[in-house]
Amino acid sequence: MKKTIDVVSVRNHIFRQRVELDGFEDLFVDVPVAYGGEGSAPDPHDYFDLSLGACKAITSMMYAKRKKWPLEGVSVKVHRDDSEERHGIYRLDVEMTFHGVEDPEQRARLEEISHKCPIHRLMTSSTVEVSTRTSVEA
């Protein structure tokens, strides 16, 4: 499936970007004040990290629903350690709480299933190819 995401600089802002994606137009990206931005929106790393947490939650919920387990919801905390990013190491520690599931074996299985979410697999076992080109203004 091919998808296009449009990212356009917002006028009168330093680095703020407006993102259009499948009809969602209220998405913004910015840079933290410490890096010269305004800190008015999540930064690109935040979106990278949150996509993992959201995908793990959704995958676990889908599995529990299929199994008819008593999962009422999922809370996910993603802790980032980017202190060695410049050396090629970017650490994400994910803490998941499965609300309504008392059985330790079911909780363990939900955690295991979360490792199979598409974003986790993309981040850990895929080759991502990026091609960039310049276009001319219309």
Side-chain angles (χ1 to χ4, degrees):
M1 170 173 65
K2 291 188 177 187
K3 183 176 276 203
T4 300
I5 300 171
D6 292 316
V7 179
V8 179
S9 296
V10 178
R11 291 184 190 267
N12 301 320
H13 288 274
I14 302 169
F15 297 121
R16 186 175 168 99
Q17 306 294 309
R18 180 177 43 83
V19 179
E20 293 180 12
L21 166 66
D22 290 341
F24 297 102
E25 298 178 16
D26 292 332
L27 301 172
F28 292 92
V29 183
D30 199 356
V31 176
V33 173
Y35 294 101
E38 299 168 275
S40 65
D43 75 13
H45 284 84
D46 295 332
Y47 281 102
F48 182 82
D49 302 352
L50 76 82
S51 68
L52 176 65
C55 188
K56 285 179 162 290
I58 291 167
T59 299
S60 300
M61 293 178 75
M62 292 172 84
Y63 184 83
K65 183 176 181 180
R66 205 168 54 246
K67 291 289 192 177
K68 296 185 174 31
W69 288 355
L71 182 63
E72 297 168 2
V74 180
S75 296
V76 180
K77 290 184 180 182
V78 179
H79 306 277
R80 172 194 315 155
D81 177 356
D82 60 2
S83 62
E84 296 183 69
E85 181 179 359
R86 290 183 181 201
H87 301 289
I89 301 170
Y90 188 83
R91 291 183 179 91
L92 297 175
D93 177 61
V94 181
E95 178 183 345
M96 300 183 73
T97 304
F98 301 108
H99 304 285
V101 176
E102 301 298 325
D103 184 332
E105 289 181 12
Q106 287 180 347
R107 285 197 306 267
R109 181 67 178 146
L110 289 171
E111 179 187 334
E112 181 182 329
I113 288 298
S114 81
H115 301 315
K116 298 179 181 191
C117 86
I119 299 299
H120 186 122
R121 289 189 317 215
L122 179 68
M123 289 177 170
T124 59
S125 62
S126 295
T127 299
V128 177
E129 298 177 358
V130 177
S131 60
T132 304
R133 66 186 179 287
T134 303
S135 63
V136 179
E137 285 187 73

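To the nearest 0.5 Å, the span separating NZ on Lys56 from CD on Glu95 amounts to 13.0 Å. Distance CG/Leu21 to CG/Asp6: 9.0 Å, rounded to 0.5 Å.
Two different hydrophobic clusters hold Phe28 and Ile5 under the rule that ILVMFWY side chains link at heavy-atom gaps under 4.5 Å. Grouping the Ile, Leu, Val, Met, Phe, Trp and Tyr side chains by contacts below 4.5 angstrom, directly or via other members, places Phe98 with Leu52. Tracing side-chain contacts under 4.5 Å through hydrophobic residues (I, L, V, M, F, W, Y), one reaches Ile119 starting from Leu92; they form part of the same cluster.
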Full working for side-chain contact (heavy atoms from CB on, under 4.5 Å) between Lys65 and Leu71: CA-CA 8 Å; Lys65 183 176 181 180; Leu71 182 63; over 6 Å; no
side-chain contact (heavy atoms from CB on, under 4.5 Å) between Val101 and Leu110, intermediate numbers included: CA-CA 10 Å; Val101 176; Leu110 289 171; 4.1 Å; yes
side-chain contact (heavy atoms from CB on, under 4.5 Å) between Thr59 and Ile113, intermediate numbers included: CA-CA 7 Å; Thr59 299; Ile113 288 298; 3.8 Å; yes
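No side-chain heavy atom of Thr4 sits under 4.5 Å from any side-chain heavy atom of Glu20. Annotation: side chain of Val31 is not in contact with side chain of Ile14 (no heavy-atom distance under 4.5 Å). A 4.5 Å side-chain heavy-atom check between Pro70 and Gln106 finds at least one atom pair inside the cut-off. Considering only heavy atoms from C-beta on, Glu85 comes within 4.5 Å of His45 through its side chain. Under the 4.5 Å side-chain criterion, counting only non-hydrogen atoms from C-beta, Trp69 is not in contact with Asp103.
Annotation: Phe48 is in aromatic contact with Tyr90 [ring centroid separation under 6.0 Å].
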Side-chain donor-acceptor contacts of residues 122-135 below 3.5 Å, not counting sequence neighbours, with atom names and distances?
unit_1: Thr124; atom_1: OG1; unit_2: His120; atom_2: O; d: 2.7
unit_1: Ser125; atom_1: OG; unit_2: Arg121; atom_2: O; d: 2.9

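A 6.0 Å sphere centred on CD of Glu105 holds no more than 12 heavy atoms belonging to other residues, nucleotides or ligands.
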